[in-house]
Protein chains: 2
Amino acid sequence: MFGVEDKSYPIELVADFLGVNSRTLYYYEKFKLVCPMRRGKKRYYSKADIEWLEFVRDLMYREGMNLKSITLLIRRRDQVVLSKCPEDVLDSFKNYLVKVEKNLEEEEDEE
Amino acid sequence: MFGVEDKSYPIELVADFLGVNSRTLYYYEKFKLVCPMRRGKKRYYSKADIEWLEFVRDLMYREGMNLKSITLLIRRRDQVVLSKCPEDVLDSFKNYLVKVEKNLEEEEDEE
DNA sequence: AAACTTTTTCGCTTAGAGTGAAAATAAATT
DNA sequence: AATTTATTTTCACTCTAAGCGAAAAAGTTT
């Protein structure tokens, strides 16, 4: 996919690979759809991050979903849609999902 | 909910009840989100139609989902989201869903 | 067929998603 | 540490989806 294991990649490279603008990735981050590792201010995307973003991108571009729908499915741990995401990617994203859910419970508490 | 069993209601009344414009209901129909019975050209919404529309409206207004996402979940018979819809409403909507899926398979064939 | 409804079409508005360009900040290099 | 280079952030703009107002067209009713 991008060569070596456990490497991480700068935003511009990832954006190119995904075929989106880097500003789009910043935008997704605001919606907690991704959370790249940071050294200082600079972002580093892992392989799992990138595959996750591919998955998100497809939901948006291929299927026409919007951001809110995707975050809703994440929060409800939706099987039907999320299961289309590669097992290992979802695994490595799980910790992050938990973190996100906790934050969401604090901010707004419905459900 | 609206009184008597097995009755049906004209679009303006339903729109009022749901708190949306009747044009919105025509709009949803284009996206195959609802399919009211028709006598001639005139539409008649059943109780199940109305409850289904309430469900859809909440997904859109409360959760911020878009139409494409909802139709995707329907096509994938998504449990997590669709299960929030009353059993009986979903039941009476099932025949319609099957019909919708068949049409979709003819038009575009992916999946 | 006149009066009244419902449907359809056209065009406008608002908000979400995405991006370009430049300003601000950080990182790297000499 | 000062200059160059890269990244982040902000601002403003575009494009499309969702929704609705108003009027024209088609249907119903009496």
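First the proteins, then the strands, lettered A, B, ... as listed; each starts at 1.
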Going 5' to 3' through nucleotides 1-15 of chain C and flagging B where a protein heavy-atom sits under 4.0 Å of the base, S where only the sugar-phosphate is that close, and - otherwise, we get -----SBBBB-----

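- Checked against side chain to side chain donor-acceptor pair (under 3.5 Å), A/Asp78 has no partners two or more places apart in sequence or in another chain.
- Positionally, the nearest nucleotide of DNA chain C for A/Val20 lies more toward the 5' end than for the other of A/Val20 and A/Arg39.
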Can you list, pair by pair, the side-chain donor-acceptor contacts under 3.5 Å of residues 17-25 of chain B, counting residues two or more places apart and other chains?
unit_1, atom_1, unit_2, atom_2, d
B/Asn21, OD1, B/Arg23, N, 2.7
B/Thr24, OG1, B/Asn21, O, 3.4

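- The ring-ring contact (aromatic ring centres under 6.0 Å, His included) pairs that include a residue from residues 55-76 of chain A are A/Trp52-A/Phe55, where partners are two or more places apart or lie in different chains.
- Partners of A/Glu29 according to the side chain to side chain donor-acceptor pair (under 3.5 Å) rule, which considers only residues two or more places apart in sequence or in another chain, are A/Arg43.
- In this view, B/Tyr27 and B/Phe31 satisfy the ring-ring contact (aromatic ring centres under 6.0 Å, His included) rule, not counting sequence neighbours.
- Among residues two or more places apart in sequence or in another chain, the ring-ring contact (aromatic ring centres under 6.0 Å, His included) test is passed with A/Tyr26 by none.
- Neither B/Leu73 nor B/Val80 shares a network with the other; the hydrophobic side chains, linked directly or stepwise wherever heavy atoms of I, L, V, M, F, W or Y lie under 4.5 Å apart, form separate groups for each.
- Partners of A/Arg39 under the side-chain contact (heavy atoms from CB on, under 4.5 Å) rule, at least two apart in sequence or in another chain, are A/Met37, A/Tyr44.
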Please write out the pairs of protein N or O atoms and N or O atoms of nucleotides 16-18 of chain C separated by less than 3.5 Å, giving the distance to one decimal.
unit_1, atom_1, unit_2, atom_2, d
C/dA17, OP1, A/Leu67, N, 2.9
C/dA17, OP2, A/Tyr27, OH, 3.4
C/dG18, OP1, A/Tyr28, OH, 3.3
C/dG18, OP1, A/Tyr61, OH, 3.3
C/dG18, OP2, A/Tyr28, OH, 3.3

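- Salt bridge A/Lys84/A/Glu63: absent, no basic N to carboxylate O contact under 4.0 Å.
- Among residues two or more places apart in sequence or in another chain, the salt bridge (Lys or Arg N to Asp or Glu O under 4.0 Å) test is passed with A/Asp91 by A/Lys94.
- First and last contacting nucleotides of DNA chain D toward chain A (any atom under 4.0 angstrom from a heavy atom, 5' to 3' order): D/dT7 to D/dC11.
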